[in-house]
Colleague: 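Here it is, the structure in full.
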Amino acid sequence: MITVKNLVKYFRTTKAVDGISFNVEKGEIVGFLGPNAAGKTTTMRVISGYLYPTKGEVTVGGINVMEDPVKAKTLIGYMPENVPLYLDMPVFSYLGFFADLRGIQKEEKEKHILEVLSRVGIEKKLHNNLINTLSKGYRQRVGLAQALIGNPKVLILDEPTVGLDPNQILQIRKLIKELGKDHTIILSTHILQEVSAVCDRVIIISEGKLVAVDTQEKLLQDMESGQKNRLIAAGDFEKIKEVLIKINGVVDVKLLNRQNDENEIMVISEKGKDMRKDIASKIVKGGFSLLELAKMTLSLEEVFARLTKEK
């Protein structure tokens with residue numbers, strides 16, 4: 001549905017985007033991540049037709065955004081980080097303005113706007129409220145409704161939950177997941193829990209360059225240097241370590257914490273080996289009390305930090 005090929009964008013002498021390429025398949029929700037000034041917003045603005053690239057090519061639904069921007073834009077709904085809301089307009093009139101821009105027929109306009117408002121969870125009693133009377137959460141919903149006008153196949157959402165409280169974030173997150181059933185979505189956010197909760201794949205850029213494109217699970221696996229397990233066992237740590245280090249495939253045993261007779265231990269084994277059964281068996285046979293045992297995995301936050309660490 002979206003193809004970005006060798007995209008380069010300069011602002012005078014500053015290279016904001018440096019030759020990135022990626023695809024987004026139909027029906028995917030893709031998390032678009034990167035530190036501040038990594039080039040995320042610039043890339044999304046080029047995809048949406050708001051900016052013209054210095055080099056490279058972008059197609060949406062097979063349409064070249066630069067060669068036929070008008071047709072390409074009919075496929076795209078764009079919600080920028082700072083939604084350009086006209087605060088002195090009623091909600092319904094504001095969306096009616098965008099429906100006119102989208103070329104929606106007069107006889108279909110009211111029904112379409114009401115459907116969109118219902119979908120983003122704006123109550124009927126709010127339809128005629130001035131936008132400046134709405135809470136931050138409802139303003140974000142109006143911004144999302146604007147992106148949905150015309151039922152575009154692609155949604156580009158730049159920080160859709162910025163400034164919201166935890167409950168509002170959960171509501172918008174649920175809404176985005178629901179929208180993913182009918183739309184292809186690029187979601188840019190600094191809230192990595194959001195990506196974990198709703199996205200099928202992750203694209204990470206840093207300093208304008210592409211550093212990763214994959215599922216979250218694959219990224220976590222690739223970054224792991226070895227399998228790690230955390231356990232809590234009661235007994236003498238040195239004796240426990242002596243038992244564990246003899247297990248075939250175990251590389252190292254480290255004491256993380258000790259409280260009274262309980263040892264919090266990390267067992268590092270060869271990559272791809274699940275040693276939990278062997279660890280549990282050896283601990284019990286050695287006469288020690290096993291209190292906890294679980295896999296330790298990297299978080300998306302840790303992967304992001306490693307991939308985008310400044311050189």
Side-chain angles (χ1 to χ4, degrees), residues 1-84 98 101-103 143-144 146-160 176 179-180 182-190 194-195 198-215 219 307-308:
M1 182 59 72
I2 302 171
T3 299
V4 176
K5 187 175 180 181
N6 301 322
L7 180 63
V8 176
K9 178 61 181 177
Y10 276 94
F11 292 102
R12 295 187 180 178
T13 59
T14 301
K15 187 185 283 188
V17 180
D18 190 3
I20 67 173
S21 300
F22 60 84
N23 298 320
V24 180
E25 301 300 326
K26 183 178 180 181
E28 275 194 307
I29 304 178
V30 173
F32 194 38
L33 309 178
N36 290 331
K40 303 187 302 299
T41 295
T42 299
T43 301
M44 289 186 289
R45 286 178 175 177
V46 172
I47 295 171
S48 68
Y50 182 78
L51 289 177
Y52 200 87
T54 306
K55 294 179 184 177
E57 181 179 286
V58 175
T59 61
V60 176
I63 301 168
N64 189 302
V65 174
M66 277 55 75
E67 292 178 358
D68 196 346
V70 174
K71 190 173 182 180
K73 286 177 182 179
T74 64
L75 302 176
I76 301 168
Y78 179 41
M79 179 182 178
E81 180 177 354
N82 298 306
V83 182
F98 281 93
L101 292 177
R102 286 282 192 179
L144 191 51
Q146 169 271 131
L148 286 168
I149 291 292
N151 195 30
K153 294 181 179 180
V154 172
L155 293 176
I156 300 174
L157 310 177
D158 192 356
E159 300 286 353
I176 291 169
L179 291 171
D182 304 313
H183 303 268
T184 300
I185 299 175
I186 293 181
L187 170 66
S188 174
T189 178
H190 284 103
E194 206 158 274
V195 175
V198 305
C199 295
D200 303 306
R201 282 194 304 139
V202 179
I203 297 171
I204 303 177
I205 64 173
S206 181
E207 297 179 339
K209 296 178 182 291
L210 191 71
V211 295
V213 181
D214 219 322
T215 63
L219 285 176
L307 290 172
T308 61

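Positions are given from 1 along the sequence.
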Colleague: Taking all atoms of both residues into account, what is the closest heavy-atom pair of Leu75 and Val60, and its distance?
Modeller: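 What the structure gives for the nearest pair is CD1-O, 3.4 Å.
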Colleague: Going by heavy atoms in the side chains, are Arg12 and Thr14 under 4.5 Å from each other?
Modeller: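 No, their side chains stay 4.5 Å or more apart.
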Colleague: Looking at Asp214 and Leu219, would you say the former's side chain and the latter's main chain have a donor-acceptor pair under 3.5 Å?
Modeller: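 Absent.
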Colleague: So does Gly39 get a backbone contact from the side chain of Thr42, meaning a donor-acceptor N/O pair under 3.5 Å?
Modeller: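 Such a contact is absent between Thr42 side chain and Gly39 backbone.
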Colleague: Identify the heavy atoms of Leu307 and Ala212 that sit nearest to each other, and give their distance.
Modeller: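 Nearest heavy atoms, Leu307 then Ala212: CD1-CB, 3.7 Å.
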Colleague: Starting from the C-alpha separation in whole Å, work towards a yes-or-no answer on side chain to side chain contact (heavy atoms under 4.5 Å, CB included) for Val58 and Met66.
Modeller: CA-CA 7 Å; Val58 175; Met66 277 55 75; 3.8 Å; yes
Colleague: Using the rule given for side chain to side chain contact (heavy atoms under 4.5 Å, CB included), can you reason through Leu155 versus Leu148, listing the C-alpha separation, both sets of side-chain angles and the distance that settles it, and then say yes or no?
Modeller: CA-CA 8 Å; Leu155 293 176; Leu148 286 168; 3.8 Å; yes
Colleague: Is there side-chain contact between Ile47 and Val4, with at least one heavy-atom pair below 4.5 Å?
Modeller: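 Yes - at least one pair of side-chain heavy atoms lies under 4.5 Å apart.
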Colleague: State the NZ-OG distance between Lys5 and Ser21, to the nearest 0.5 angstrom.
Modeller: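 Answer rounded to 0.5 Å: 8.0 Å.
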Colleague: So, taking the atom named NZ in Lys15 and the one named NZ in Lys55, what distance separates them when rounded to the nearest 0.5 Å?
Modeller: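 These two atoms lie 7.0 Å from each other.
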Colleague: Do the side chains of Leu144 and Leu179 get nearer than 4.5 Å, heavy atoms only?
Modeller: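 Heavy-atom side-chain distance check passes, below 4.5 Å.
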Colleague: Which atoms form the tightest heavy-atom contact between Val30 and Cys199, and what is the distance?
Modeller: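 Looking at all heavy atoms of both residues, the closest pair is C-SG, 3.9 Å.
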Colleague: When you compare the side chains of Thr59 and Asn64, does any donor N or O come within less than 3.5 Å of an acceptor on the partner?
Modeller: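 Absent: no donor and acceptor within the cut-off.
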Colleague: With the side chain counted from C-beta on, respond yes when Asn82 and Glu159 share a heavy-atom pair under 4.5 Å apart, and no when they do not.
Modeller: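 No - every pair of side-chain heavy atoms lies 4.5 Å or more apart.
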Colleague: Are Phe11 and Leu51 close enough that some pair of their side-chain heavy atoms sits under 4.5 Å apart?
Modeller: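 In contact.
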Colleague: Is the number of heavy atoms from other residues, nucleotides or ligands under 6.0 Å of Tyr50 OH greater than 12?
Modeller: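 Check fails, neighbour count at 12 or below.
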Colleague: From Leu33 CG over to Ile205 CD1, what is the distance, rounded to the nearest 0.5 angstrom?
Modeller: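 Answer rounded to 0.5 Å: 9.5 Å.
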Colleague: Report yes if some heavy atom in the side chain of Lys40 is under 4.5 Å from a heavy atom in the side chain of His190; otherwise report no.
Modeller: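 The answer is yes; the side chains approach within 4.5 Å.
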Colleague: How close do Val202 and Val195 get, counting heavy atoms only, and between which atoms?
Modeller: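 Minimum heavy-atom separation between Val202 and Val195: CG2-CG1, 3.8 Å.
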Colleague: Is the shortest heavy-atom distance from the side chain of Lys73 to the side chain of Ser48 under 4.5 Å?
Modeller: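 No, too far: nothing below the 4.5 Å cut-off.
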Colleague: Let me confirm one number: the CG-CE distance from Leu157 to Met44, rounded to the nearest 0.5 Å.
Modeller: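 Here the rounded value is 9.0 Å.
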Colleague: Got a second to check how far Thr184's OG1 is from Lys153's NZ, nearest 0.5 Å?
Modeller: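 The NZ atom of Lys153 is 9.5 Å from OG1 of Thr184, to the nearest 0.5 Å.
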Colleague: Which pair of non-hydrogen atoms, one from Tyr52 and one from Lys9, has the smallest distance, and what is that distance?
Modeller: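 Closest approach of Tyr52 to Lys9, heavy atoms only: O-NZ, 2.7 Å.
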Colleague: Evaluate the side chain to side chain contact (heavy atoms under 4.5 Å, CB included) criterion for residues Val154 and Ile2: first the C-alpha distance (whole Å), next the side-chain angles of each, then the deciding distance (0.1 Å), finally the verdict.
Modeller: CA-CA 8 Å; Val154 172; Ile2 302 171; 3.7 Å; yes
Colleague: Which heavy atom of Thr41 sits nearest a heavy atom of Tyr78, and at what distance?
Modeller: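 That would be CG2-OH, 4.5 Å.
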Colleague: Could you tell me the separation between the NE2 atom of His183 and the CG atom of Asn151, rounded to the nearest 0.5 Å?
Modeller: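 Rounded to the nearest 0.5 Å, the NE2-CG separation comes out at 5.0 Å.
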Colleague: Do Leu187 and Val198 have side chains that get closer than 4.5 Å, going by heavy atoms?
Modeller: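 Yes - at least one pair of side-chain heavy atoms lies under 4.5 Å apart.
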